[in-house]
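Residue numbers count from 1 along this sequence. Side chains are part of it too, since the values below use all heavy atoms of this structure and drop only hydrogens, waters and symmetry mates.
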Amino acid sequence: MDVKDPNFQRHFSGGLNLLHHTPPGVDPVMISADDSCLREDEVSASDPRSFRGINGGLRDPETRRDTPSTRSVKRLRAKETQNWSEKMKTLLISSILVMICCSEAQQEGNECIKASALSCGDCIQVGARCGWCTDPEFLKQGESTSARCDELESLRKRGCAEAKIENPHGSQQIQKNKPVTNRRKGAEKLRPEDITQIQPQKLSLQLRSGEPQNIELKFKRAEDYPIDLYYLMDLSYSMKDDLENVKNLGTSLMKEMSKITSDFRIGFGSFVEKTVMPYISTTPAKLLNPCTGDQNCTSPFSYKNVLRLTSNGQRFNSLVGQQQISGNLDSPEGGFDAIMQVAVCGEHIGWRNVTRLLVFSTDAGFHFAGDGKLGGIVLPNDGRCHLENNMYTMSHYYDYPSIAHLVQKLSENNIQTIFAVTEEFQPVYKKLVLELLQSSLCLSSSRWTFRGPDEAPGSGGPSGLRPRARHPSPCVPHTEEHLRLSSAEELKNLIPKSAVGTLSANSSNVINLIVDAYNKPTGDITDLLCAVQSLSSEVILENSKLPEGVTITYQSRCKNGVVNDGENGRKCSNISIGDEVSFSINITAQGCPKQGKTESIKIKPLGFTEEVEILLSFICECDCHLFAIKNSPVCHNGNGSFECGACRCNKGRVGRQCECRKDEVSSEDLDRNCRRDNGTDICSNNGECVCGACECKKRENPEERYSGKYCECDNFNCDRSNNKLCGGHGRCECRACVCDANYTGSACDCSLDISTCLASNQQVCNGRGVCECGACHCTDPKFQGPTCEICPTCPGVCTEHKECVQCRAFGTGEKQDVCERDCSSFRLVKVKDREKLPQPVQSFPLMHCKERDANDCWFYYTYAINNSTEPEVHVVETLECPAGPDIIPIVAGVVAGIVLIGLALLLIWKLLMIIHDRREFAKFEKEKMNAKWDTGENPIYKSAVTTVINPKYEGK
């Protein structure tokens, strides 16, 4: 999709604004006063000795602790912010996808036809696939001049000869190609300007719109390359013990760096803080000696250039030994002011066009843009040199520079930075490097330019920067996690290269830190807890601002055959001295920027002074334009120039031959000539009437065209066969098919060739039909097939195909081993049951078959010849086999019968026993009643009872 589309930019910018807005109930994120790319909490909040309040004031370490309730509220707010942000991102992504889909849908079709180019020059600007036909007889009646512009293949198909097609191509020429230097240490000493590390140095490209030009660059890291190192040191009171170790740094560092290069220079500068409240105490006594007690300190200052770059290590030791510690009130220092002056004051520092290293040594945090407001300083830093007598004199006038501004100046001056800080502040500067990477992205996208000091601070963008008119989109802030990911995978165009090293408490390891940071490849570095990237073992290409419409892509071929594309294509890592890598660069232009004016771009490796200059010129006209005939009589008595096979009309004239004026275009008299048979439709509603002649509309499909005097004809509304125009055997002319030889019919779908109707006996349709349009039409309805050879309803059809149907459907039968060989003459379709089998219809005969296999199972199928004269068999997928005995019911019945019979026998036995018992009991009762017992007493029996009668008893 076209990102230059105003609608896309408006919607995309609106989506980004959603991400910038703060949800209700959430504290707004502190933004640096001059840099929309940076968030204050990503830098200052990490400083364990310096925290900012909402109003920008300083928090005391004792007051910066959060209460439990405050932390709970913050956690809730953070969670709410995260959820809200995720929803907004999802909404933004969905909106962009919808716009992309819509844009792609709108851009379908032939871009050459859509452009409606009226000249060859306009045509070749549309794209590399577009060409212009210069044949004067090329256009058909009704076609407009813009029909000459079409895709190359389409022009050839339309009859334009190859020699008549204008299709210019770009070219390139190398103007300066000095070989890279193969220099060894100890060899003859060369001047820095005589050392070459990148080849070629200057090229010129001629660009055709949409056609990329490829250039090859070679980079070789030279041995014994000169190095300038400037040591910038914090001289606040906490660095007192460090100063003692740095006093002997010159000779020691000279000795160590001599192992890397024989041409080494070193300089020294120091910084403290802005000389205004609240950064320092402005009482007269404190201005003379800011330290307390009996400590003797020098007056506070912002930045001092103590020693220009020199190769005299003893002089470095001598001047550094004379330095004294100073002091200030707050923990963050004014190091950014010092870095800015070191970067822009090249004449005072003594920078050469060689490798430039800046070692920034401190044990504290830093102030940046916006902090000057605490001291009443509101003017943004102007990025210019303000050294007088080697002292920075405008610290009280200009604010601290922003990170983006520092990145810009460090990059412009090819300065690579090593942040040598104590372990306590290592996370702070690690975040700073991440911010440097993000700011590099902002700057490398060419969205910002430097703003002069006389421009309003509120004119937009970071302090000292303003949005470019051509790229107004702001730089989007990133989270630290995103920056870490981006620095590893996406943010490859980094400005400048930098590293963070952990300085010991007294700076005793500073030499190892510098040597390792410069010389070791990317990875773990001695005395460096986190090296963002190696300074000398990594090459990253950057380019200057590209002209409008020009794009550039990179591909790198690094050591060990590693090939990188996309943003990674700018970079090669782990490059040792003497290693050679190459870059393949594609430069493409869209359109003709600034009417073909020559432009220049420069490509250089970050941190190196060498660069490649590329001069760009643009192909804005065709070669035939040089042979134009001005005021040609072909163009209606000289009312235009005849060029490239067509008339280019003079101002105020229109028409294919410039035959009328613009004010005559819509006259009624001329429109009458565009109506067919005095009808009401102008140009059959398929074109426009221009100067009394129809110019037919264009179709998005370049193969489809209207033509004719009244645009009444076209080549796409003819009859079709097999979904092909004119059956694929003819061409469509004025809505009628013109058939090829041996074809006839309205859609050219009837072949006159009878070879397809010949049977194996060389008879046409076996004598049972006639050949029409290359196919047999059988006169006997019983016969079918390509040559009327098949009779699906004749006796024996079912038996004939039984074995093949059985083997293909069920994998059984006599032919199961040769099934694929002998039974592939018909198409088999399986159905679930007999009701699904097709029924006889009038369109083709059909035979129902029922056959039995070796297992006495029946299978059912139908055999027929379909409308495509192909044998077709529908078979029921399940066999119908005789049902066997059901064992379970039988066994259950037998068991149940045995049980029932047993129960019956038991009941009968029980009944008989009851009857028998009753009979015996009755017999017993009867015998008992019939028994007669003797009742006489036993003569020898004497009763034990003696009965005495009372003589007085009278029975009363």
task = Please report the C-alpha distance between V378 and D399 in whole Å, then the side-chain angles of each, then the deciding distance to 0.1 Å, and finally whether the side chain to side chain contact (heavy atoms under 4.5 Å, CB included) criterion is met.
result = CA-CA 6 Å; V378 295; D399 194 4; over 6 Å; no

Of F366, Y398, F271, Y400, the one forming a ring pair (Phe, Tyr, Trp, His ring centres under 6.0 Å) with F336 is F366

NZ of K409 to SG of C345, rounded to nearest 0.5 Å, is 11.0 Å

Here the pair of heavy atoms bringing N381 nearest to P401 is ND2-CD, 3.7 Å

Exercise. Are any of the side-chain nitrogens in E538 or K571 under 4.0 Å away from the carboxylate oxygens of its partner?
Worked result: yes

Between S270 and L232, the two heavy atoms sitting closest are N-CD1, 4.0 Å

**OP:** Indicate the ring-plane relationship of H386 and Y392, choosing parallel, tilted or perpendicular according to the 30° and 60° boundaries.
**Re:** tilted

query = Looking only at atom types and distance, does a side-chain atom of Q197 sit under 3.5 Å from a main-chain N or O of R221, one as donor and one as acceptor?
reply = no

- Report yes or no: do S236 and D234 form a side-chain donor-acceptor pair below 3.5 Å? yes

Residue pairs passing the salt bridge (Lys or Arg N to Asp or Glu O under 4.0 Å) test with at least one member in residues 264-274, sequence neighbours excluded, are D228-R265, K274-D337

Evaluation steps, side chain to side chain contact (heavy atoms under 4.5 Å, CB included), between L307 and R315: CA-CA 9 Å; L307 176 64; R315 178 169 172 77; 3.5 Å; yes

Closest non-hydrogen contact found for P226 with I195 is CD-CD1, 3.8 Å

- Are any non-hydrogen side-chain atoms of L410 and I339 less than 4.5 angstrom apart? yes

For Y237 and C291 the tightest heavy-atom approach is CD1-SG, 3.6 Å

Minimum side-chain heavy-atom gap F608-N414 below 4.5 Å:
no

Discussion item. Between the side chains of E611 and K602, is the shortest nitrogen-to-carboxylate-oxygen separation below 4.0 Å, so that they form an ion pair?
Written reply: yes

For the pair W351 and Y230, name the ring-plane relationship: parallel under 30°, tilted 30 to 60°, perpendicular over 60°. tilted

Output yes when R570 and E542 qualify as a salt bridge under the 4.0 Å nitrogen-oxygen rule, no when they do not. no

dist T417:OG1 -> R356:CZ (nearest 0.5 Å) comes out at 12.5 Å

Q. Does Q324 reach the side chain of C297, with side-chain heavy atoms less than 4.5 Å apart?
A. no

Sidechain-backbone polar pair: S326 side chain, T298 backbone, donor-acceptor under 3.5 Å: yes

The reported gap from CG in N413 to CG in N353 (rounded to nearest 0.5 angstrom) is 10.0 Å

So CG of N312 and OG of S318: to nearest 0.5 Å the spacing works out to 9.0 Å

task = Run the numbers on L287 and I280 for side chain to side chain contact (heavy atoms under 4.5 Å, CB included), then give the verdict.
result = CA-CA 8 Å; L287 287 176; I280 67 167; 3.9 Å; yes

- Item | Any L329 side-chain heavy atom under 4.5 Å of Y279 side chain | no

Smallest heavy-atom separation, Y225 atom then T261 atom, equals O-OG1, 3.0 Å

Could you please spell out the steps behind the side chain to side chain contact (heavy atoms under 4.5 Å, CB included) verdict for L387 and T393? CA-CA 6 Å; L387 291 185; T393 59; over 6 Å; no

- Message: Would you say that F268 contacts M233 through its side chain, given a criterion of any heavy-atom pair below 4.5 Å between the two side chains?
- Response: yes

Tested for side-chain contact (heavy atoms from CB on, under 4.5 Å) against I552, the lone hit among I614, L541, N543 is N543

For a 4.5 angstrom cut-off between non-hydrogen side-chain atoms, does V276 reach H396? yes

- Message: In the structure I gave you, are the side-chain heavy atoms of L616 and T598 within less than 4.5 Å of one another anywhere?
- Response: no

The reported gap from CD1 in I418 to OG in S361 (rounded to nearest 0.5 angstrom) is 11.0 Å

Taking atom types as modelled, is there a side-chain donor on T362 or E333 under 3.5 Å from an acceptor on the other?
no

In this structure, NZ of K202 is separated from OG of S600 (nearest 0.5 Å) by 8.0 Å

What one should report as the nearest heavy-atom pair of P547 and I601 is CD-CG2, 3.6 Å

| message | So for atom CG, which belongs to N389, do other residues, nucleotides or ligands contribute more than 12 heavy atoms lying within a distance under 6.0 Å? | response | no

ask   = Are Q323 and V306 close enough that some pair of their side-chain heavy atoms sits under 4.5 Å apart?
value = yes

